[in-house]
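Before any comments, here is the structure.
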Number of protein chains: 2
Amino acid sequence: MNQAAVQRRLQQFETLCRQRGLPLTVQRRDIFQAVLQSDDHPSADQVYDVVKDRIAGLSRTTVYRVLDTLVQLGVVRRLHHPGAAVRFDGRVDRHHHLVCRLCDQVVDVTGRDLDRLKPPRQRGGFLVEDYTIQFVGVCAACREETEA
Amino acid sequence: MNQAAVQRRLQQFETLCRQRGLPLTVQRRDIFQAVLQSDDHPSADQVYDVVKDRIAGLSRTTVYRVLDTLVQLGVVRRLHHPGAAVRFDGRVDRHHHLVCRLCDQVVDVTGRDLDRLKPPRQRGGFLVEDYTIQFVGVCAACREETEA
DNA sequence: CTCCGTGCAAAAGGTTTGCACTGGT
DNA sequence: ACCAGTGCAAACCTTTTGCACGGAG
């Protein structure tokens with residue numbers, strides 16, 4: 001995400017915190033920023049690695065708790081993907097994922113045509129709010145390895 | 001899955017094992033059957049709970065290893081969903097999921113129209129083989145609770 | 001008979017919890 | 001000043017690994 005967009009999201013975040021009376025701590029700001037700035041989908045531990053250099057004495061526990069808060073606020077998404085650890089995504093707009101079934105790598109896909117899907121409003125009482133398409137296959141690197 | 005379908009899948013499984021020279025053990029048969037018979041998407045531990053009553057002295061380790069084998073054989077799918085533990089799905093045909101973002105419950109959706117999506121054959125060297133759509137929203141039970 | 005699969009125990013992550021202290025409002 | 005947020009350590013849960021034994025091919 002480019003620097004301008006990151007700044008904008010951070011501003012919105014501050015406003016949101018004030019609205020809800022949520023204390024705006026250094027940890028929350030920096031952790032959110034780290035998620036926004038990472039292009040891949042970092043695990044809690046990867047976020048910790050980045051932020052711990054900026055905040056002395058930062059605890060892993062805090063990273064987990066803050067990430068949870070961000071998810072609840074709706075400014076970050078929890079990602080469910082093949083690796084053991086849960087991943088996080090600063091993008092909350094509609095987008096999709098290519099998942100390599102061999103190396104578990106995940107890359108974003110934005111396809112205008114893919115976003116036009118008409119999700120059923122309801123299915124047996126279930127209220128559908130949004131959707132994500134997971135394309136499963138084999139990435140370029142793994143294809144080369146397999147062919148060799 | 002109905003009993004007839006379960007039997008059919010088990011037969012295919014036996015054949016597949018013989019073809020590949022994979023020893024067909026009681027554990028593999030029973031664990032596969034348990035996954036097929038469960039309508040939700042059980043975690044390894046839930047599978048263990050079901051099968052341990054049928055096989056005395058069954059080890060959790062074995063459940064994990066057998067599930068892994070089944071995934072590699074392609075007869076079971078690994079599910080990546082909000083709960084901490086990995087889930088498994090005996091269905092390997094194209095189908096989609098409704099995920100409740102409040103209680104993390106997952107239900108299957110089969111929509112003929114949803115299966116007609118033309119996935120891009122390739123995206124930057126990535127070979128797309130199949131896809132799954134995850135609809136995110138709120139389930140009926142959670143909607144009632146929220147409204148109350 | 002030969003291996004591969006299994007069971008057990010222990011280790012290795014990832015994530016959560018209890019409690020005292022600090023810092024934002 | 002008050003209360004929520006944080007740090008630390010320990011607990012907890014899921015998953016993996018090493019090794020010896022037993023059963024399938």
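All values below were derived from every heavy atom in this structure, side-chain atoms included, with hydrogens, water molecules and symmetry-related copies excluded. Below, read A as the first sequence line, B as the second, and so on, with proteins coming before strands; counting in each chain starts at 1.
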Length of the line joining [X]:[atom1] and [N]:[atom2], which is rounded to integer Å:
| X | N | atom1 | atom2 | answer |
| --- | --- | --- | --- | --- |
| Q46(B) | dT15(D) | CD | C1' | 16 Å |
| D45(A) | dT15(C) | CG | P | 8 Å |
| L67(B) | dT16(D) | CG | P | 10 Å |
| I31(A) | dG5(D) | CD1 | C1' | 11 Å |
| L58(B) | dC8(C) | CG | P | 9 Å |
| R65(A) | dC8(D) | CZ | P | 11 Å |
| I55(A) | dC8(D) | CD1 | P | 12 Å |
| L73(A) | dG5(D) | CG | C1' | 14 Å |

For [N], take OP1 and OP2 only and decide whether either is under 4.0 Å from a side-chain N or O of [X].
| X | N | result |
| --- | --- | --- |
| T62(A) | dG7(D) | yes |
| Q27(A) | dG7(D) | yes |
| Y64(A) | dT15(C) | yes |
| R28(A) | dG5(D) | yes |

Determine whether the side chains of D115(B) and H95(B) contain a donor N or O and an acceptor N or O closer than 3.5 Å.
-> no

Expected output: side-chain Q37(A) to main-chain A34(A) donor-acceptor under 3.5 Å | no

Hphob cluster co-occupancy, Y48(A) + Y64(A), side-chain heavy atoms under 4.5 angstrom = no

Are V76(B) and V136(A) linked, directly or through other ILVMFWY residues, by side chains that come within less than 4.5 angstrom of each other?
-> no

With respect to the side chain of T61(B), which nucleotide from dC8(D), dG5(D), dT17(D) is positioned closest?
-> dT17(D)

Charged N-O contact under 4.0 Å between R78(A) and D89(A) | no

Under 30°, 30 to 60°, or over 60°: which ring-plane class applies to Y131(A) and H96(A), parallel, tilted or perpendicular?
-> parallel

Quick tally for nucleotides 20-25 of chain D: nucleotides whose base has a protein heavy atom under 4.0 Å get B, sugar-phosphate-only ones S, the rest -, giving ----SS

Do any pairs count as a salt bridge (Lys or Arg N to Asp or Glu O under 4.0 Å) and have a residue in residues 22-45 of chain B, sequence neighbours left out, and if so which ones?
-> E14(B)-R29(B), D45(B)-R60(B)

